[in-house]
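Predicted model, so just to flag it, every value in this text is computed and none were measured.
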Amino acid sequence: MTERTAPEDRPRTVLLRGGEVHSPADPFATAMVVEGGTIAWVGSEGAADSFADGVDEVVRLDGALVTPAFTDAHVHATATGLALTGLDLLDADSLTDALARVRAHAAARPGDRVLLGHGWDASRWPERRPPSRAELDAATDGRPLYLTRADVHSAVVTSALLDLVPGVTELPGYHPDEPLTRDAHHAVRAAAHASVGTAQREEAQRATLSRAAALGIGTLHECAGPTISSEDDLTGLLALAARTPGPRVTGYWAEAVTGPAGLAKVRELGAVGAAGDLFVDGSLGSHTACLHEPYADAPHTGTAYLDADAVAAHVAACTEAGLQAGFHAIGDAAVSAVVAGVRTAAEAVGLDRIRAARHRIEHAEMLTPETIAGFAELGLTASVQPAFDAAWGGEDGMYAERLGVDRARTLNPYAALLRAGVPLAMGSDAPVTPLDPWGTVRAAAFHRTPEHRISVRAAFTAHTRGGWRAVGRDDAGVLVPGAPADYAVWAAGELVVQVPDSRVADWSTDPRSGTPGLPDLTPGGPPLPECLRTVVAGRTVYARPNE
């Protein structure tokens, strides 16, 4: 990729040419003009000649692909950065391996008041159990350690960390020999996060922003909240993103509101909504997702944090104030409670106002035809994470272990959501699953349950334009004149119009149809595209070395 550049003392005009530009404005486009932070023109190589002498910079793409930058619609930036820079057990393949990593991390961080780690998943290990407290005490030489399960809804800790939380043994969710959940988990999490100083937190946030930019992600939706992070964590991240070239960050604050004080707090924090991980339930892996019927491997139905009445009060208050509301809901009982609550709010404030607010539901995994219809009726956005299915789906996966094969097959029904007209926004829930946008698109297109698969085109749209629509912007996330100049440049192989299953509704694969192509994402096929450059608001925030 070669360039001619001009000084950056004024908004510049840039011509990109000689590549493949993914745009509905011109499915055969090979060139694009950007003026300042806005896309000005998309078209053919021949027409690009008329712009060449009047621009400040020419970027010769040499056949590279240009797409809208991705939006990751659900992240936890500080926790992701701590995993990127510290103890990450997502790829640990056994209990023995995990304990060895804990031991090495403790030795490498002698000055940390509390050791932090993430990502264990005993369902993948031959031992089929998490580390015991005694094993962690030995591995850390008696130091405080907070170690979250992959889903972040439970944790194992050392005795020394429990000593920092008076009364924790009396809280719901405390188990002397099992991972902590519910209130006990929230209490030890607060103590662990309190040990993270401002410098360490900013280092972690920078690591996340840098990693996202290098993956072609132009926007992150930070899902913060009082039981997940802190007010300082959210305001610090938003300030960092505002003053540092990198991905945009949209903040959500997950605290229930019923009156003016709560609404004012959301605005003071700089959040766009009282949404994100406002927990209606927990997670399947930790047996805390709230179900209508008991788990297949546990004699209970999980945990309900909010009921339909609480949902209704929150949604009505947010709608009246012009703020987005939203919830974390995974189990079928939790999703039912959300739909019932939003419907009650609609009766109070009006269906049109509810739909216009674009309230959103995070995860929304265990859906039924009735709740899918409710999402469509109420204009709810489903903020989903296809990598969950890639990690835990299938007949031998964790979902089947928790729910049984038949119930597990119903999870994450993306095709049914799209058929019903429910807007999708895709993300990672990092650090639960890694930042990996093309992998996310592939996971949706090659869902482990074939009837839930969607086309690569639909998944790509949900991971680009879908994230912008989820925050009320219909004019972004697509390369057309007038849209924000947020784009990524990729080294990619042959472009195709890919439908991974004959049951998936598709556009014609004939090139004459004018459908823009995308990289072949077949599992085991060509490598995923490699990001060469990421641009946000017309400004380069990542360039691959030597580009």
Side-chain angles (χ1 to χ4, degrees), residues 22-24 67-75 212 215-221 223 247-248 250 275-276 324 326 358-365 367 372 375-376 379-390 393 411-430 433 435-449 451-480 483 486-488 497-501 504-507 515-519 521 528-529:
H22 185 87
S23 172
T67 72
F70 285 99
T71 293
D72 191 311
H74 191 122
V75 299
L215 292 170
I217 298 171
T219 302
L220 300 170
H221 293 182
C223 293
R248 304 171 188 263
T250 297
Q324 262 188 310
R358 303 192 190 190
H359 302 309
R360 52 189 283 172
I361 312 303
E362 309 302 315
H363 316 309
E365 293 199 77
L367 293 157
I372 290 172
F375 273 47
L380 300 176
T381 295
S383 172
V384 298
Q385 296 75 40
F388 288 6
D389 176 72
L411 265 63
N412 303 302
Y414 303 138
L417 285 163
L418 288 182
R419 283 195 300 270
V422 176
L424 296 185
M426 290 186 177
S428 63
D429 198 9
T433 60
L435 299 168
D436 181 14
W438 286 113
T440 295
V441 172
R442 178 166 63 186
F446 293 91
H447 197 295
R448 289 180 181 271
T449 304
E451 56 263 36
H452 299 330
R453 293 175 179 173
I454 60 178
S455 69
V456 169
R457 175 190 175 98
F460 178 79
T461 299
H463 211 350
T464 50
R465 197 171 191 180
W468 284 93
R469 285 173 165 167
V471 295
R473 290 283 300 272
D474 293 328
D475 62 337
V478 62
L479 302 183
V480 297
D486 288 23
Y487 61 90
V497 178
Q498 188 169 21
V499 179
D501 190 277
V504 176
D506 67 316
W507 295 83
T515 303
L518 287 165
L521 302 182
L528 293 177

Problem - Exam field: side chain His463 to backbone Gly427, donor-acceptor pair closer than 3.5 Å - result: no

Practice task
Using modelled atom types only, decide if a donor and an acceptor are shared between the side chain of Thr433 and the backbone of Ser428 within a distance under 3.5 Å.
Solution key: yes

Exercise for the section: Hey, can you tell me if Tyr414 and His447 have their rings parallel, tilted or perpendicular (30° and 60° cut-offs)? Expected result: perpendicular

Problem - Side-chain heavy atoms of Val480 within contact of Ser23, under 4.5 Å - result: yes

Exercise for the section: Please examine the side chains of Asp389 and Leu411, heavy atoms only from C-beta on, and report whether any two atoms are closer than 4.5 Å. Expected result: no

Exercise for the section: First locate atom CG of Leu479, then atom OH of Tyr487, and finally report the distance between them rounded to the nearest 0.5 Å. Expected result: 9.5 Å

Problem - Taking every non-hydrogen atom, the tightest pair across Pro386 and Ala444 - result: CB-N, 3.7 Å

Exercise for the section: Please name the pair of heavy atoms, one in Pro516 and one in Val497, separated by the smallest distance, quoted to 0.1 Å. Expected result: O-CG2, 4.0 Å

Problem - Shortest non-hydrogen contact between Val422 and Ala376, atoms and distance - result: CG2-N, 3.7 Å

Handout entry: Gap separating the OG1 atom of Thr381 from the CD atom of Gln324, nearest 0.5 angstrom
Key = 7.0 Å

Exercise for the section: Say whether Arg360 and His74, considering side chains only, have a donor N or O and an acceptor N or O under 3.5 Å apart. Expected result: no

Practice task
State, with a plain yes or no, whether a side-chain heavy atom of Leu215 is found less than 4.5 Å away from one of Phe70.
Solution key: no

Practice task
Measure from the side-chain N and O atoms of His452 to the backbone N and O of Ala416, and report whether any donor-acceptor pair falls under 3.5 Å.
Solution key: no

Handout entry: Reported CD1-to-CG distance for the pair Ile217 and Asp72, which is rounded to 0.5 angstrom
Key = 5.0 Å

Problem - Student check: side-chain heavy atoms of Val441 and Val456 closer than 4.5 Å - result: yes

Problem - Side-chain touch Pro423/Arg469, heavy atoms, less than 4.5 angstrom - result: no

Practice task
Check whether any side-chain heavy atom of Thr67 lies under 4.5 Å from a side-chain heavy atom of Thr464, and answer yes or no.
Solution key: no

Handout entry: Those residues that, when tested against Arg448, pass salt bridge (Lys or Arg N to Asp or Glu O under 4.0 Å) (two or more places apart)
Key = none

Problem - Contact summary for Arg473 and Ala476, nearest pair of heavy atoms - result: NH2-CB, 4.2 Å

Handout entry: Approximate separation, where rounding is to 0.5 Å, of Arg457 CZ and Leu518 CG
Key = 8.5 Å

Practice task
Indicate yes or no: at least one non-hydrogen side-chain atom of Arg465 is less than 4.5 angstrom from one of Pro68.
Solution key: no

Handout entry: Taking every non-hydrogen atom, the tightest pair across Gly466 and Ala425
Key = O-CB, 3.6 Å

Practice task
Tell me, please, which residues at least two apart from Arg358 pass salt bridge (Lys or Arg N to Asp or Glu O under 4.0 Å).
Solution key: Asp474

Completion exercise
Between the OG1 atom in Thr71 and the CG atom in Asp486, the distance rounded to the nearest 0.5 Å is 7.5 Å

Exercise for the section: To the nearest 0.5 Å, tell me how far His22 NE2 sits from Phe460 CZ. Expected result: 5.0 Å

Practice task
Verify, without hydrogens or angle tests, whether Glu362 (side chain) and Asp429 (backbone) share a donor-acceptor contact under 3.5 angstrom.
Solution key: no

Fill in the blank from the handout: On a heavy-atom basis, the closest approach of Ala275 and Gly326 is CB-N, 3.3 Å

Handout entry: Within-4.5 Å side-chain heavy-atom neighbours: Val75 and Leu435
Key = yes

